[in-house]
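What follows is a single structure, written as structure tokens, with notes after it.
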Number of protein chains: 2
Amino acid sequence: MEKINLKRLADELHLSTSTVSRALQDSYQIGADTKQRVLALAQKLNYVPNPHASSLGSRKSNTIAVVIPEVFDSYFAQAVNGIETVAQAHGYHILIYLTHESEQQERAILRAFQGGRVDGVLMSVSAETTSTEHIAALQAQGVPVAFFDRAADGIETARVTTNDLESSCLATRHLVECGCSHIALLSIARQLSIERQRIRGYQNALAESGQLFREDYVVECTHDPEENYLAIRQLLEAHPEIDGLLVTVELLTVSAYQACHDLGRRIPADVKVVSFSNSRSAAILNPALTTIRQPAFETGKAIATLLLKALKNRHKNLGTDSVVLPSTLIVRASTATDIK
Amino acid sequence: MEKINLKRLADELHLSTSTVSRALQDSYQIGADTKQRVLALAQKLNYVPNPHASSLGSRKSNTIAVVIPEVFDSYFAQAVNGIETVAQAHGYHILIYLTHESEQQERAILRAFQGGRVDGVLMSVSAETTSTEHIAALQAQGVPVAFFDRAADGIETARVTTNDLESSCLATRHLVECGCSHIALLSIARQLSIERQRIRGYQNALAESGQLFREDYVVECTHDPEENYLAIRQLLEAHPEIDGLLVTVELLTVSAYQACHDLGRRIPADVKVVSFSNSRSAAILNPALTTIRQPAFETGKAIATLLLKALKNRHKNLGTDSVVLPSTLIVRASTATDIK
DNA sequence: TTTCTTTACGCAAGCGCTTGCGTAACTGCC
DNA sequence: GGCAGTTACGCAAGCGCTTGCGTAAAGAAA
């Protein structure tokens, strides 16, 4: 079974390759009946074009890169799902890269895109990332980069995020309303813009209710569950007065629950917990977890749509729109006040 | 900033493009000092090769495709993580595709690979998939396809799976030992080889303990949580005698828990539950869930290693090795017998 | 009939890199 | 000093597709 290519089709039909190529692209320059013949033969011979050749010729890869920190988190899983949905609908392919929260890896990954591998990049910056020149460099090469969820501050481009500040504020207020007077916050990577927003929301709500913000109530975690468990445990041991926990990252939920459990701090009787989380199992946790659910799937769809729209109109720069999709607070047992 | 390419480098160094190309590939045909000069200039000019051109010329894309049903499931998320780890280490890129359990989409996706987009494919077949000619067709084109987790029966190729039969048997036996005498099984897509294995393991364990297999104790679920909830609820309502549940798919856990809860069937007092699951939150569910944890990350690493090794030795066909990694039963409160 | 469009297609030059082969220059050998 | 054997590099033909431009044929306008 020899590989069949454009030339083969052209020969068989006594046409030139350019005509066949245009016919397959449904070009206006080709007659309707010719198109039919080409299509028919292509189908019959099961012709599949070589994407590298087309990419090289057209300098368009029909491929986008998705660069994310991790894929464990159900947020990113759902976001990727959203991205894939629109990409597939538009005939785009998705290259996926994990930075594992490492700035160095992020740089290496983005650098490779300068060769033209992808038409555009969708990313959520790593927790470590502090500088942004690698992103700017890519933009300078004409490769559009858009952010979702975790955006880099210095970069002007489209982004879709959620209302982190308000959500966090809302969540904290909820804890206050549930009677918490000593609320701690569990974070990762405080330099992350979204984390800063969440912390600010937390601060605002505290201020609002006359509680004061304590730096030692903010714990910066890592990505190692063991370490996090210990850090949270230390926090709770050092501060027996803590009666509320705002968990800004889904990843930390398990560690937080376990630390509370192991220390005999009952949820919600002793400590009430709210967590940013997109996990479906929040509802069946022990106790069911009050969450801030982010529109992960929609975020993925939105950012992909933005990028692909920009890619359609050759260099209609994807602008600098900042879409904000709302998160929702879902109250469950972990913040219940009618303690049984 | 004009694009810099091989020719540019060559001109600048007064070399031919072939020499520069070979120098960058660290070919034995090029002198050490020349290599140095080339490397130095490449670095200085921030040269990034055009991957489409190399792929076209060398008919190697350094890219593999990962085709999976979903990404919601933490199993697949972790498996992708494993794949990515070894791919990145070998300089390979990963294209990701979701079939959403649709055979038709799976066919369309695989078909596109016939053009040479990828050097190899790692897949877990969709739940719908019954025929396999689309996979065979790809193999016929010389594109290696390897399976992980969900393999297609008719295809001869490398695969890495887990010991589904034994695990399932073990889990069922565990339920029996915990006193269950009416154990139901929740499945999806019974034609899936792994599901068949799991059902057989269940049957074996039942037979072993003298319990009889009842077809009406096997519920085939879908991917819609609502539907599944209802189906499970119906099962439990129709069969109040059911005192054990073997959940073969992580996705169904939440629905199962909710159905039990809403019907007032206490876990583990009334119904004991074991689930195939890789979710970290299993430990903090209400009650903590006894799980069969699959080596997802390792599976991803293993299958990727197998494929990449085959890709190195140009057409040293990746053989038909069938690696089986063991799953482990983790007993937790959902099968506890000392009911409080 | 002549001229101007329009329509439908072919020519050929790439796109940027790879690679088989050819060949100078240099080495070591008898 | 002649010869085979390296070593280091260049030539040029692709890889398979895209696309700007040119043009014959056919129809419309004058």
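Just so you know, these numbers come straight off a predicted model, no measurement behind them.
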Check against side-chain contact (heavy atoms from CB on, under 4.5 Å), V118(A) and I64(A): CA-CA 5 Å; V118(A) 297; I64(A) 61 175; 5.5 Å; no
Evaluation steps, salt bridge (charged side-chain N to carboxylate O under 4.0 Å, His left out), between D11(A) and K7(A): CA-CA 6 Å; D11(A) 289 351; K7(A) 179 151 184 5; 3.1 Å; yes
Go through the steps for H93(B) and T63(A) under the test side-chain contact (heavy atoms from CB on, under 4.5 Å), then give the verdict. CA-CA 12 Å; H93(B) 300 256; T63(A) 302; over 6 Å; no
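Rounded to whole Å, the distance from CG on D33(A) to P on dT7(C) is 15 Å. The distance between atom CG of D26(A) and atom P of dT18(D), rounded to the nearest whole Å, is 13 Å. What separates CG of L6(A) from P of dA12(C) is a distance of 18 Å, to the nearest Å. Between the C1' atom of dC17(D) and the CZ atom of R8(A) lies a distance of 17 Å, rounded to the nearest Å. In this structure, CZ of R59(B) is placed 7 Å from P of dC15(D), rounded to the nearest angstrom. Atom NE2 in H52(B) sits roughly 13 Å away from atom C1' in dC17(C) (whole-Å rounding). As rounded to whole Å, 13 Å separates atom C1' of dG20(D) from atom CD of Q25(A). Atom P of nucleotide dG16(C) and atom NZ of K7(B) are separated by 11 Å, given to the nearest angstrom.
R150(B) pairs with exactly one of E106(B), E128(B), E101(B) by the salt bridge (charged side-chain N to carboxylate O under 4.0 Å, His left out) rule, that one being E101(B).
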Atom pairs, protein N/O to nucleotides 22-25 of chain C N/O, distance under 3.5 Å:
none

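A donor-acceptor distance shorter than 3.5 angstrom exists from the side chain of S193(B) to the backbone of A151(B), with no hydrogens or angles considered.
In this structure, T34(A) reaches the sugar-phosphate backbone alone: every heavy-atom distance under 4.0 Å involves primed, P, OP1 or OP2 atoms, never a base.
In the region residues 13-24 of chain B, proximity to DNA chain C at under 4.0 angstrom, judged on heavy atoms, holds for S18(B), S21(B), R22(B).
E133(B) places a side-chain heavy atom less than 4.5 Å from the side chain of R107(B). The closest side-chain heavy-atom distance from T99(A) to V67(A) is below 4.5 Å. Between F148(B) and I68(B) there is a side-chain heavy-atom pair separated by less than 4.5 Å.
Between Y47(A) and the phosphate of dC17(D), there is a side-chain N or O to OP1/OP2 separation shorter than 4.0 Å.
Between A10(A) and S16(A), the closest heavy-atom pair is CB-C, 3.7 Å.
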